[in-house]
Amino acid sequence: MSVQASEREQTACLQCDLLLPRPTIAPGERAVCPRCGAHLAAVPRDGLLRSFAFCSSAVILLGIAVSFPFLSMKVGGLENVMTLPESGIELYRHGMVALSFVVMASILLIPTAILGLVLALVGQLMRGRPAPWLAPAARLIFGLGTWSMVEVFVIGVIVSLVKLASMADVVLGISFWSYAVFSLCLTAALSSLDRDYIWREIERVQTRAT
Amino acid sequence: VTAFPAESAAAHGIAVCHTCCKLSPASAHRCSRCEAPVHLRQTDSLHRTLALVITACILYIPANVLPIMTTDQLGQSIDSTIIGGVILLWNLGSYPVASVIFIASVVVPLGKLTALILLCWSVGRGQQAGARERTVAYRVTEFVGRWSMIDVFVVAILVSLIQLGGLLVIRPGSAALAFCGVVIVTMVAAESFDPRLIWDRLGPRPEPAAKTFGARSRRDADG
C-alpha cells in the first residue's frame, strides 16, 4: 500500500468520501483508504490472465456440475438421485414459484451469467479491441456479484448431509465435487477482478480506438 | 445548502461513481465512463434503509413462527421451524452444524438488523465518535448478509432429495419463503445505506461555528 501522488489525479473513497491523490499501485499491491480502511484499488499480479484462467476452469466445472448426479440417497432399498437444477425445480413443483426462482437464480443463472460476461469482457480486454458492450457487461458483472451465492450453497449441501445422516445413506456425486471446486474458481476469478482496475482497462481500450 | 466536511469529495463538488470509481462533477447525472447514475450521496438513504429494515423485521416473524419444512414419514406429518431444527440437531449431538444454522439463521439476520438500525440512529442523531468503527461494522454487515441463505438452500436440497413416495417426503413450508424474503430485503437495506453519511456528520472541520441554542439543527444530507 503506497499512497504517493501521481500528478494531480485524484480519487475518492467509496465508503467515507475522502478525497485523496490517486495512489500508485504496483502489480500485486492493494490500496486502502487511510481514514476508514475501505478497499480503494488493486492491481492484480498477472493482470487479467488470472481471472480468465479461473473462469475457463469454472466453465468446464459448471458443465460437469449440471450434467451429472449431484446427490443420491438410499433408504431401505429405495433410491433417489438428484441433479443440481432439481434443487430449484422441485420447489416449483411444490408451488413455491418465487422461492424456486430465487434459488435457481442465485446458484445457477446468475453465476452462469457472470461467468459468461467475465470471459467475454476479459477476453475482449486482453485482445485490446473496443466494443460497445464492454461498459454494460462490466456494470452487470459488478452489479450481480453479491447475488451469486455459489459458496453459500456448498455450505448448505454440507449442512444437509449432516441433517440427513441419521435418516438415510447419502452419496455425493461427481457433480457435487465439481460444483464445490467451481465455487472456489468463481470466487477466485471475481476476487482478482478489481473494480477500479477493470474500468481503467475498459477506458484504455475504448479510448485507444477513437 | 448542505455542509460537507472539507476533506470530502462532495465538498469539492465531486461525486464518485459507485459503479466504476471515476470522479465526476456533482452536476453530472451520469458517469462519463460507465453511464451509471451518479449522486453525491445515495438518495433518501436513511429512510429507505429504515423502511427495508422494518419490512425485514415483519417478515422475520412468519419466518420463525411458520414451519420451514414438513416431513411426511409413513403417514405422519412433522412440521419443523428454524429454531426447532437447530434444537433437534443440537440434541442429536451435531453441535458444529447446529451452530452453523443458528449463526446463519438467527445471529446473522438479527445482528444485521440491529446493526443497520443502530447505524441509521447514530447518523440521524449526528453522532461523531467512532466513525471508523461504524464504517467497519457496516462493511461486516454488508459482507455477511448472503450467508443467511444457508437455511433456504438446505430446504431446497432436502425437498429435492427426499422424495420417496409414501415412505418419506419432505415438503417446503411458507417460512422458507418468508426467510428468503428477510435475507433479500436486508441485503437491499445494507446496499441502500450510505456509509459516507457517518463521515458527513463530522462536519466541516475548520468552522468555528457560533453555538446555537434551542432546537438541534439537523443536516439534510440524506434527504
Side-chain angles (χ1 to χ4, degrees), chain A residues 10-19 35-38 40-41 71-73 75-76 78 80 82 86-91 94 96 98-100 102-103 106-107 135-136 138-139 142-143 146-147 149 152-153 155-160 162-168 170 195-196 198-199 202-203, chain B residues 4-5 7-12 14 16 18-23 33-36 85 89 92 94 96-97 100-101 131-132 135-136 138-139 142 145-147 149-165 167-168 171-172 176-177 180 184 187 191 195-196 198-200:
Chain A
Q10 287 180 311
T11 187
C13 172
L14 289 178
Q15 296 198 346
C16 75
D17 211 28
L18 180 67
L19 192 65
R35 185 165 72 164
C36 77
L40 284 178
L71 293 172
S72 66
M73 68 130 206
V75 183
L78 284 171
N80 191 28
M82 163 208 157
E86 267 175 358
S87 52
I89 295 166
E90 200 63 43
L91 288 170
H94 282 88
M96 294 240 161
L99 196 60
S100 136
V102 172
V103 171
S106 54
I107 68 170
R139 279 177 64 183
F142 293 113
T146 44
W147 300 100
M149 307 197 188
V152 183
F153 186 71
I155 301 296
V157 175
I158 296 166
V159 170
S160 324
V162 178
K163 273 198 155 188
L164 286 173
S166 60
M167 251 190 245
V170 183
R195 191 185 285 264
D196 180 73
I198 287 293
W199 280 104
I202 291 175
E203 195 168 46
Chain B
F4 290 107
E7 65 274 22
S8 72
H12 296 83
I14 297 169
V16 53
H18 262 245
T19 304
C20 75
C21 313
K22 192 183 170 77
L23 303 182
R33 177 160 69 183
C34 70
E35 294 189 346
L89 279 170
L92 285 172
S94 313
V97 173
V100 166
I101 300 190
R132 189 185 169 115
T135 313
V136 172
Y138 170 73
R139 280 202 289 272
E142 201 186 24
R146 40 216 292 285
W147 288 93
M149 279 294 270
I150 287 181
D151 229 5
V152 175
F153 289 149
V154 169
V155 172
I157 293 159
L158 294 187
V159 164
S160 50
L161 189 60
I162 310 295
Q163 295 296 331
L164 296 174
L167 187 65
L168 183 62
R171 290 181 285 126
L177 185 61
C180 181
I184 292 178
M187 280 174 75
E191 266 178 31
R196 293 174 294 185
I198 296 172
W199 299 88
D200 286 348

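Each chain gets a letter, A, B and so on, in the order the sequences are listed, and its residues count up from 1.
A donor-acceptor pair under 3.5 Å is formed between the side chain of Gln163(B) and the backbone N or O of Val159(B).
Within the 4.5 angstrom heavy-atom criterion, atoms from both the backbone and the side chain of Val154(B) approach chain A. The contact between Ser94(B) and chain A is made entirely by side chain atoms (from C-beta outward), counting heavy-atom distances below 4.5 Å. Interface residue Leu89(B): only side-chain heavy atoms are found under 4.5 Å from chain A. For Ile107(A), the part sitting under 4.5 Å from any heavy atom of chain B is the side chain, from C-beta outward, and nothing else. Contacts between Leu23(B) and chain A at a heavy-atom distance below 4.5 Å involve the side chain alone, from C-beta outward. Heavy atoms closer than 4.5 Å to chain A are found in the side chain of Val97(B), but not in its backbone. Heavy atoms closer than 4.5 Å to chain A are found in both the backbone and the side chain of Ile184(B). Contact annotation for Leu168(B): only side-chain heavy atoms (C-beta onward) come within less than 4.5 Å of a heavy atom of chain A. Using a 4.5 Å cut-off between heavy atoms, Leu164(A) touches chain B through its side chain atoms alone. Both the backbone and the side chain of Ile157(B) have a heavy atom closer than 4.5 Å to some heavy atom of chain A. When heavy atoms are compared at a cutoff of 4.5 Å, Arg33(B) approaches chain A by way of both its backbone and its side chain. With a 4.5 angstrom heavy-atom cutoff, Glu35(B) touches chain A via backbone and side-chain atoms both.
Between Phe153(A) and Phe153(B), the ring-plane angle classifies as perpendicular under the 30° and 60° cut-offs.
The structure places SG of Cys34(B) at 6.0 Å from CZ of Arg139(A), a figure rounded to the nearest 0.5 Å. Here CG of Leu164(B) is found 5.5 Å from CG of Asn80(A). Values are rounded to the nearest 0.5 Å. Atoms OG and CG, on Ser160(B) and Leu71(A) in that order, are 8.0 Å from each other to the nearest 0.5 Å. A distance of 9.5 Å separates CG in Asp17(A) from CD in Glu7(B), rounded to the nearest 0.5 Å.
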**OP:** Please test Trp199(B) against Ser8(B) for side-chain contact (heavy atoms from CB on, under 4.5 Å), starting from the C-alpha separation and ending with a verdict.
**Re:** CA-CA 9 Å; Trp199(B) 299 88; Ser8(B) 72; over 6 Å; no

**OP:** List the steps and the verdict of side-chain contact (heavy atoms from CB on, under 4.5 Å) for Cys21(B) and Leu14(A).
**Re:** CA-CA 7 Å; Cys21(B) 313; Leu14(A) 289 178; 4.3 Å; yes

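Interface check for chain B: of the options Gly88(A), Pro136(A), Ala98(A), Ala12(A), the most heavy-atom pairs under 4.5 Å are formed by Ala12(A). Top candidate by heavy-atom pairs under 4.5 Å with chain B, chosen from His94(A), Lys163(A), Met96(A), is His94(A). Contact count versus chain A (heavy atoms, under 4.5 Å) is highest, among Ile14(B), Leu177(B), Val136(B), Asp151(B), for Leu177(B). No other option in Met82(A), Glu90(A), Gln15(A) has as many heavy-atom pairs under 4.5 Å with chain B as Gln15(A). Counting heavy-atom pairs under 4.5 Å between each of Ser100(A), Ala38(A), Ala138(A), Gly143(A) and chain B puts Ala38(A) at the top. Comparing Leu161(B), Val16(B), Thr135(B), Ile150(B) by how many heavy-atom pairs each has under 4.5 Å with chain A, the most go to Leu161(B). Among Ser160(A), Cys13(A), Ala165(A), the residue making the largest number of heavy-atom pairs under 4.5 Å with chain B is Ser160(A). The candidate with the highest count of non-hydrogen atom pairs below 4.5 Å against chain A, out of Pro172(B), Cys180(B), Gly85(B), is Pro172(B).
In this structure, the side chains of Val102(A) and Met149(B) come closer than 4.5 Å at one or more pairs of heavy atoms. Contact check for Val152(B) versus Leu99(A): side-chain heavy atoms found under the 4.5 Å cut-off. Within the 4.5 Å cutoff, the side chain of Arg139(B) has heavy atoms near those of the Cys36(A) side chain.
Shown here are the side chain to side chain donor-acceptor pair (under 3.5 Å) partners of Lys22(B), two or more places apart in sequence or in another chain: Glu203(A).
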